[in-house]
Amino acid sequence: MRTSLPLLFVFGSSALTASAAVTSIAVTGYNRDIVVEAGAPANAAGVTDATMDAGTGNNGGTWYAQGFNTSAPTTGLPAPGSTIISLTAADHSYTFPLSYGPGNGAAGITPNAFVVGQNSGSPTITLVTPLQYSTLSLIGSAGHGPVSVNYTINFTNGSPSQSGTISAGDWFNGTAAYNANGRLTVNTGAFDNVNAGNPRLYTFDIPVTNTTSPVASVTLSSTSTTGTAAFFALSGTAVPEPSAALLAGLSVLGLLGRRASRR
C-alpha cells in the first residue's frame with residue numbers, strides 16, 4: 001500500500017499543471033466606436049464617436065478595419081471576430097469585437113473598444129463567464145501617448161478589488177503585437193501610413209494577485225486630457241480546476257489515513 005501513495009500524488013498533480021498560454025476571454029462592455037468599419041461611407045462621417053487623436057472630439061486620425069481601404073484591403077485592424085497571435089508573444093492570443101458597425105454604406109455607431117482619456121469615459125470590461133485567472137492581458141495603444149490608464153479588477157465573491165496602472169504606449173513606433181499598417185482621418189476619408197509600419201497595438205499583462213476568486217470585471221479609467229487609449233480585447237491565463245484524478249486520489253488517501261488510524 002505504501003508504494004501506491006506516491007503514484008497517486010504524481011498522477012493527480014500532473015493534471016494540475018497549468019498552461020501559461022494567455023487566451024481570449026469573452027467580454028462585454030465596449031464603450032466607444034473608434035473603428036471605421038469595412039463598408040462604411042468613404043468619408044467615414046458619422047461612423048465613430050471617438051478617435052485616437054481627439055477622444056470624443058471625434059476628429060483626426062483613428063483606426064479602420066480591414067476591407068475599408070479597398071486599395072489596400074489587408075491593412076487595418078483584423079476583421080470583426082478575428083483571433084490574432086501577438087507578434088511579441090506567441091503564447092498570447094486575442095479575439096477582436098464581433099462587430100465594428102453597420103457597414104454596407106450605412107452610418108451608425110457600434111461600440112467596439114474600451115476607450116479612456118479625453119472624456120471618453122470609464123468602461124467596465126465584464127467577463128461573460130467569471131473564472132479564476134493568474135494573469136489578465138489587454139491589447140491596445142494610445143493616441144498622443146503614452147497615456148496612464150488605471151485599472152481595477154473586481155471579483156465575484158466580495159473579495160477586495162485589485163488596482164493598478166498601466167502605461168499605454170503611443171500607437172506609433174513601439175514594439176508591435178499587431179501592425180495595422182494604416183490609419184484614417186474621419187470626415188475626410190484620407191488615409192496615411194498605409195503599408196508604412198504604423199499604427200500599432202501592444203499587449204499589457206497584469207498579474208492577478210488573488211487567484212482563488214473568480215474575476216468578474218475590470219474597470220478602466222484615465223484622467224488624461226491630451227491622449228486617448230483604446231483596448232480591443234481581454235485575454236488571460238485561467239487557473240485550472242482540480243482534476244477528477246486528483247480528487248479521487250485525495251479521497252483514497254483520506255480513506256487509507258482513516259484505516260491507518262484504526263490500527
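When reading the values below, keep in mind they use all heavy atoms of this one structure, side chains included, and skip hydrogens, waters and symmetry mates.
Counting all heavy atoms, side chain and backbone alike, A45 lies closest to A107 at O-CB, 3.8 Å. Between L77 and Y178, the shortest heavy-atom contact is C-OH, 3.8 Å. Shortest non-hydrogen contact noted between T110 and G101 is OG1-CA, 3.3 Å. The two residues Q66 and A38 come nearest to each other via the heavy atoms O-CB, 3.6 Å. Residue S99 comes nearest to N112 through the heavy atom pair O-CB, 3.7 Å, listed as atom of the first residue, atom of the second, then distance. M52 and S141 make their closest contact through CE-O, 3.6 Å (heavy atoms, listed as atom of the first residue, atom of the second, distance).
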(message) side-chain contact (heavy atoms from CB on, under 4.5 Å) for L220 and L138? Distances and angles first, verdict last.
(response) CA-CA 11 Å; L220 304 178; L138 293 160; 4.3 Å; yes

(request) Could you go through the side-chain hydrogen bond (donor to acceptor under 3.5 Å, both in side chains) check for N210 and T212 one step at a time? (result) CA-CA 6 Å; N210 179 355; T212 61; 3.0 Å; yes

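I206 and Y94 fall into different hydrophobic clusters, where Ile, Leu, Val, Met, Phe, Trp and Tyr side chains are chained together by heavy-atom contacts under 4.5 Å. Two different hydrophobic clusters hold Y100 and V186 under the rule that ILVMFWY side chains link at heavy-atom gaps under 4.5 Å. L201 and V194 are members of different hydrophobic clusters when ILVMFWY side chains are connected at heavy-atom separations under 4.5 Å. Hydrophobic clustering (ILVMFWY, side-chain heavy atoms < 4.5 Å, transitive): V215 and Y30 are in one cluster. The cluster map of Ile, Leu, Val, Met, Phe, Trp and Tyr, joined by side-chain heavy atoms under 4.5 Å apart, puts Y151 and F232 in different clusters.
Rounded to the nearest 0.5 Å, atoms CG (N193) and CG (L184) are 12.0 Å apart. For the atom pair CD (Q162) and OG1 (T209), the distance works out to 3.5 Å, reported to the nearest 0.5 Å. Rounding to the nearest 0.5 angstrom, the gap separating the OG atom in S222 from the CD1 atom in I166 is 10.0 Å. Annotation: the span from T188 atom OG1 to N43 atom CG amounts to 8.0 Å, rounded to 0.5 Å. With rounding to the nearest 0.5 Å, the separation of CG in D91 from OG1 in T237 is 7.5 Å. Between I34 atom CD1 and I109 atom CD1 the span is 11.5 Å, to the nearest 0.5 Å.
In this structure, D170 contributes its side chain and F172 its backbone to a donor-acceptor pair below 3.5 Å. Side-chain atoms of S137 do not come within 3.5 Å of backbone N or O of S235 as any donor-acceptor pair.
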Result block: side-chain N/O donor-acceptor pairs under 3.5 angstrom for residues 114-123, not counting sequence neighbours:
residue, atom, partner, partner atom, Å
Q118, NE2, D53, O, 3.4
Q118, NE2, T228, OG1, 2.7
S120, OG, G117, O, 2.8

Which donor-acceptor pairs under 3.5 Å do the side chains of residues 79-90 make with protein atoms, sequence neighbours left out?
residue, atom, partner, partner atom, Å
S82, OG, A79, O, 2.8
T83, OG1, T95, OG1, 2.6
S86, OG, T88, N, 3.1
S86, OG, T88, OG1, 2.9
S86, OG, A89, N, 3.3

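Using bins of under 30°, 30° to 60° and over 60° for the plane-to-plane angle, the ring pair Y202/F204 lands in the perpendicular bin.
Residue N157 qualifies as enclosed at atom CG: its count of foreign heavy atoms under 6.0 Å is above 12.
If you run side chain to side chain donor-acceptor pair (under 3.5 Å) between T152 and each of S163, S217, S221, only S163 comes through. Exactly one residue among D33, T51, T48 makes a side chain to side chain donor-acceptor pair (under 3.5 Å) with N58. That residue is T48.
At least one side-chain heavy atom of D205 sits less than 4.5 Å from a side-chain heavy atom of H92. Between Q132 and P214, some side-chain heavy-atom pair lies under the 4.5 Å cut-off.
For the residue pair T23/S93, the side-chain donor-acceptor check at 3.5 Å is not satisfied.
Residues F68 and F191 place their aromatic rings such that the two centres sit under 6.0 Å apart.
Under the side-chain hydrogen bond (donor to acceptor under 3.5 Å, both in side chains) criterion, the residue pairs touching residues 67-79 are Y64-T75, with sequence neighbours excluded.
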